[in-house]
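This report refers to the structure that appears directly beneath it.
No hydrogens, no waters, no symmetry mates; every other heavy atom, side chains included, goes into these values. Order of the sequence lines fixes the chain letters, A, B, ..., with proteins taken first and strands second; residue numbering starts at 1 for each chain. What you see is a predicted model; the values in this text were computed from it and never measured.
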Number of protein chains: 2
Amino acid sequence: MQPNRTKYALLGFLSRGESSAYRLQETIAGSVANFWRENDGRVYPILAKMEAEGLVTAREEATGGRKAKIHTITDAGLAALDEWLAEDPVPRPPRNELLLKMFFGYRRDPATLDGWLKDKITESDADLARFAKVRSRLEGMLSDVPDAAYWLMTLDYGERRAAFEKDWASACRERLKDPSRGEEA
Amino acid sequence: MQPNRTKYALLGFLSRGESSAYRLQETIAGSVANFWRENDGRVYPILAKMEAEGLVTAREEATGGRKAKIHTITDAGLAALDEWLAEDPVPRPPRNELLLKMFFGYRRDPATLDGWLKDKITESDADLARFAKVRSRLEGMLSDVPDAAYWLMTLDYGERRAAFEKDWASACRERLKDPSRGEEA
DNA sequence: GGACTCATGTAAATGGTTACATGATTCA
DNA sequence: TGAATCATGTAACCATTTACATGAGTCC
């Protein structure tokens, strides 16, 4: 019924190199957190399932004194990944709790909404600052890792999104200041 | 643990007037689908649960020969809605399957990605055309329904989002044409 | 009569979050 | 020794989707 996208995300990262579940999560959180997250309670069981399906193999290894279960993608795993990548992505309009609350905003005082919007702006600024660092890192590795060109495209998305959300929140704050005013160009 | 946001979305719409489950869904699909969706399998059971909790009352009514279960929000329901609206919205970074596939885009030929991006542009254009109609409708009712000012803010978000996604997709397509080229300002 | 819309629901499966449990190693 | 990090996992719970079942009224 529902496609297990977590599986494919994990396969994608494992296609770049073997990893423990713990490191996988760290990698995901450190690279695609902008548009994709996974959590503890799912990565471990799904990796186990993938092992049963023959998409990955696992071995225990002591790296630096610590034991970790290293997962390696198999040919079947690579095939499954590429099969998934061949399919058109299905757009799923996400739920946005801030917008839902704004939609019913007339039930609250404008100061409350202004607070939400200020938070949004702060969040966007933090994202933009973070993305700027990532951008210079990625641009620096472009000659060594051509794949980074694709990562830059997803980063570009994040930067544009943060910028537009900031602009939108600022525009809303302006409009809230003067509720009598309608829309303008 | 997880807050039941469906409940509050339903309360929000019921606060504007009584409705059957079927109409509620139609209303939601026709107004906030841009950032919030509900589906069959949830609206009915949750409304039943809300009735048991005393947040809504229900009565059978035959409108135009057809029977429908009309739900009316109670004072307790209004209180629950306003309590929820008083809380800061918690940002949940959504999963974006297109971006995940773009991230691993080097595993596919650029033509595949170009197809996804073209679809994205088509989708954005369709959204923008739809939003333009909604905008004129909402602006026309502003004087009668001041609440529409808030609805326009969420529409504004949708318009800006569609525009930025279209721009981003176009920029990606350009970059895909010449893979040797790096990033530019 | 047949297709379509209105209308209410159930069932099954999966997705996803949060909290908790456990234990080893590293570092101050 | 105590806190932080590395590391793996389970349990409980709720969210979400999809498919299915059912039946009445409307329109052609």
Side-chain angles (χ1 to χ4, degrees), chain A residues 1-11 18-30 32-33 35-53 56 58-71 84 90-97 100, chain B residues 1-10 14 18-30 32-33 35-53 56 58-71 84 90-97 100:
Chain A
M1 291 183 154
Q2 289 178 74
N4 187 339
R5 288 126 89 223
T6 293
K7 181 166 88 173
Y8 295 107
L10 298 181
L11 282 176
E18 57 181 29
S19 172
S20 69
Y22 189 86
R23 288 283 170 208
L24 256 182
Q25 250 186 294
E26 256 186 359
T27 306
I28 290 172
V32 295
F35 57 86
W36 204 270
R37 303 211 179 175
E38 296 295 346
N39 53 21
D40 273 36
R42 256 175 92 61
V43 170
Y44 288 97
I46 287 188
L47 274 174
K49 208 175 144 199
M50 286 161 69
E51 194 187 345
E53 288 170 358
V56 299
R59 68 168 196 282
E60 297 259 332
E61 195 173 274
T63 319
R66 273 178 180 139
K67 278 178 290 183
K69 205 180 200 174
I70 307 292
H71 297 268
W84 177 72
V90 282
R92 283 169 201 250
R95 288 179 159 197
N96 187 323
E97 195 174 314
L100 186 62
Chain B
M1 291 180 153
Q2 288 178 74
N4 186 340
R5 287 126 89 224
T6 292
K7 181 166 87 173
Y8 295 107
L10 297 181
L14 286 173
E18 57 182 29
S19 172
S20 68
Y22 189 87
R23 289 283 169 210
L24 256 182
Q25 250 187 294
E26 256 187 358
T27 307
I28 290 172
V32 295
F35 57 86
W36 203 269
R37 304 212 177 174
E38 295 295 347
N39 54 21
D40 274 35
R42 249 169 100 58
V43 170
Y44 288 96
I46 287 189
L47 273 175
K49 207 175 147 200
M50 285 161 71
E51 195 188 343
E53 289 171 357
V56 299
R59 69 171 195 281
E60 296 259 332
E61 193 173 277
T63 320
R66 272 178 181 140
K67 280 178 290 182
K69 206 180 202 175
I70 307 292
H71 298 267
W84 176 71
V90 283
R92 281 168 203 251
R95 288 179 158 196
N96 188 322
E97 194 174 314
L100 187 62

Phosphate oxygens OP1/OP2 of [N]: is one of them under 4.0 Å from a side-chain N or O of [X]?
X     : N      : answer
B:T6  : D:dT16 : yes
B:R5  : D:dT16 : yes
B:K67 : D:dG23 : no

Atom [atom1] of [X] and atom [atom2] of [N]: how far apart are they, to the nearest Å?
X     : N      : atom1 : atom2 : value
A:N4  : C:dG15 : CG    : P     : 4 Å
A:K69 : C:dG23 : NZ    : P     : 17 Å
B:K7  : D:dA15 : NZ    : C1'   : 14 Å
B:M50 : C:dG9  : CE    : C1'   : 17 Å
A:L10 : D:dT8  : CG    : C1'   : 15 Å
A:E61 : D:dC6  : CD    : C1'   : 15 Å
A:I70 : D:dC6  : CD1   : P     : 14 Å
A:H71 : D:dT8  : NE2   : P     : 7 Å

Residues within residues 22-29 of chain A bordering DNA chain D, heavy-atom distance below 4.0 Å: A:Y22, A:R23, A:E26

Residue whose closest nucleotide on DNA chain C lies nearer the 5' end, B:A21 versus B:R95: B:A21

Between [X] and [Y], is any pair of side-chain heavy atoms under 4.5 Å apart?
X     : Y     : answer
B:N39 : B:R42 : yes
B:R95 : A:T6  : yes
B:L24 : B:L47 : yes
A:E97 : B:W84 : yes
B:L10 : B:V56 : no
A:E18 : A:R59 : yes
B:K7  : B:E53 : yes

A:H71 versus A:A21, closest heavy-atom pair with distance: CD2-N, 4.2 Å

Closest non-hydrogen atom pair between B:W36 and B:I28, with its separation: O-CG2, 4.0 Å

Selection: residues 37-47 of chain A, any non-hydrogen atom under 4.0 Å of DNA chain C: A:N39, A:G41, A:R42

